[in-house]
Amino acid sequence: MRIAPRLIAWQRVHGRHGLPWQLTRDPYRVWLSEIMLQQTQVAAVIDYYARFLKKFPTVKKLAQATSAEVMAQWAGLGYYARARNLHACAQQVVNTWGGSFPTTAQELVTLPGIGPSTAAAIAAFCFAERAAILDGNVKRVFSRHAGIEGDPSLRVVEQQLWAIARKQLPTARICEDDPDAMASYTQGLMDLGATLCTRSRPRCSECPIRANCIAHKEGRTDELPSARARKALPERTVAMLIAHRPGQLLLEQRPQTGIWGGLWSLPEFEPDSSSADLCSSLGLNAQEIQPLTDFLHVFTHYRLTIRPVLVRVSKEKTSLKESLDNRPALQWISLASLDSKGLPAPIRKLLLGLKSDEVLS
DNA sequence: AAACCGGGGCA
DNA sequence: TGCCCAGGTTT
């Protein structure tokens, strides 16, 4: 069942109107709004859009600006890589397209920062091209309407959705009769996804295409689109040296950048390397080496297995300095001052366990 | 804290 | 060509 006629009619009555970028068919302005809207909600974009256009009224002005000027206008919007693409795109429009945006999706998609969906949106709004968009909102609309199972980010599923998006375009006949059909249809898809066919609590009772919506018919709007398969977190294993001598523990300050930047932690080493070799390379007089049970910590981006190796070091003063040209951040720390050091939470927890087991003294 | 996101970049 | 992710915000 075709949705285009109902969607077009619905958009004209219930869709969003009067937004600054809807009052023009200037591809520069439409392009700018599409890029900004990729990452930010309409309400936040409005002010940036106005300020940006005031500063850079034409694509030529934007192309001539310095990156610093562009970044300054973009500051606060986030996703700064896209501001760089924006600038590069403007320069490319000036340098290779004579200052006018190309007029087909096929050509638009060759510009930096413009992918298939954005290219189609610009072509549809500005040039009434029968080009299909497929952004996140539209994926949700079609997944539900056509009852498409599977994670929409999967190749096969996405291909199905693109096929549906093309199939549902207003017919050539409709577009001939109504020059605004593509603009209304494209805007309608976006508006439907943004205002009614929302991820949670969709307002199906107001939806113009609910009659043929499979998810609605089967009461499965909260199951479609299928949730992205939770990617198993990458796994890393590190060995950590718990070198102690009476009242003291050997810690190492981490580099300022990266995980636990600047915090004090246990010295790390390769999980498969020999603890005895490591101790001698550090000039530690190891009295006893005892591997402990693995300790798991889950980060946002990966699972870290810590393989602690407990090393009792003899009382006698051992000098770290000579062996430590490559690890200058190593330092003996008194157990009493541990609490005042910035220790990563999992390390603190690990050490606390040892303390309560009276392994450390 | 977890879900989500178009396009770029890279194998 | 196909997959992954950086870099953010929203729920």
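Quick note on labels: first sequence line is chain A, next is B, and so on, each numbered from 1. No experiment lies behind these values; they were computed from the predicted model shown.
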> Over how many whole Å does the gap from A:Gln38 atom CD to B:dG8 atom P extend?
Replying inline: 9 Å

Show me the side-chain donor-acceptor pairs of residues 112-124 of chain A shorter than 3.5 Å, one per line, residues at least two apart or across chains.
{"residue": "A:Ser117", "atom": "OG", "partner": "A:Leu134", "partner atom": "N", "Å": "3.0"}
{"residue": "A:Thr118", "atom": "OG1", "partner": "A:Gln38", "partner atom": "NE2", "Å": "2.8"}

>> Please determine whether a side-chain nitrogen of the Lys or Arg among A:Glu69 and A:Lys61 lies less than 4.0 Å from a carboxylate oxygen of the Asp or Glu.
In response: no

> Separation of A:Asp151 atom CG from B:dC5 atom P, in whole Å?
Replying inline: 10 Å

> Around A:Gln106, counting heavy atoms of other residues, nucleotides and ligands shown, do more than 12 lie under 6.0 Å from its CD?
Replying inline: no

>> Both A:Gln41 and A:Arg84 contact DNA chain C. Taking the nearest nucleotide for each, which residue is further toward the 5' end?
In response: A:Arg84

> Of all the nucleotides listed (C:dT11, C:dT9, B:dG8), which has the minimum atom distance to the side chain of A:Tyr79?
Replying inline: C:dT9

> Toward the 5' end of DNA chain B, which comes first, A:Arg140 or A:Leu111, by nearest nucleotide?
Replying inline: A:Arg140

> Which is true for A:Leu134 with a 4.0 Å heavy-atom rule: it touches a base, it touches only sugar-phosphate, or it touches nothing?
Replying inline: nothing

>> C:dT11, OP1 or OP2 - any side-chain N/O from A:Arg199 closer than 4.0 Å?
In response: no

> Taking CG from A:Leu77 and P from C:dG8, how many angstroms apart are they, rounded to a whole number?
Replying inline: 11 Å

> Which is it for A:Asp191 and A:Gln187 under the side-chain hydrogen bond (donor to acceptor under 3.5 Å, both in side chains) test, yes or no, and what are the steps along the way?
Replying inline: CA-CA 6 Å; A:Asp191 291 351; A:Gln187 188 67 54; 2.9 Å; yes

> What is the distance from NE2 of A:His87 to P of B:dG7, rounded to the nearest Å?
Replying inline: 21 Å

> Which whole-number value in Å describes the distance from A:Glu223 CD to B:dA3 C1'?
Replying inline: 18 Å

>> Counting the atoms with a prime plus P, OP1 and OP2 as sugar-phosphate, which does A:Thr118 contact under 4.0 Å by heavy atoms, base, sugar-phosphate, or nothing?
In response: sugar-phosphate

>> Without decimals, in angstroms, what is the distance between A:Tyr48 OH and C:dG8 C1'?
In response: 13 Å

> When the distance from CD of A:Gln159 to P of C:dG2 is rounded to whole Å, what number comes out?
Replying inline: 8 Å

> Is the shortest heavy-atom distance from the side chain of A:Gln168 to the side chain of A:Tyr185 under 4.5 Å?
Replying inline: yes

> A:Ser200 or A:Tyr80: which one's nearest nucleotide on DNA chain C is closer to the 5' end?
Replying inline: A:Tyr80

> Looking at the side chain of A:Arg155, which of B:dG8, C:dT11, C:dG2 is the nearest nucleotide?
Replying inline: C:dG2

>> Nearest whole Å is fine: how far is B:dG7 P from A:Leu86 CG?
In response: 14 Å

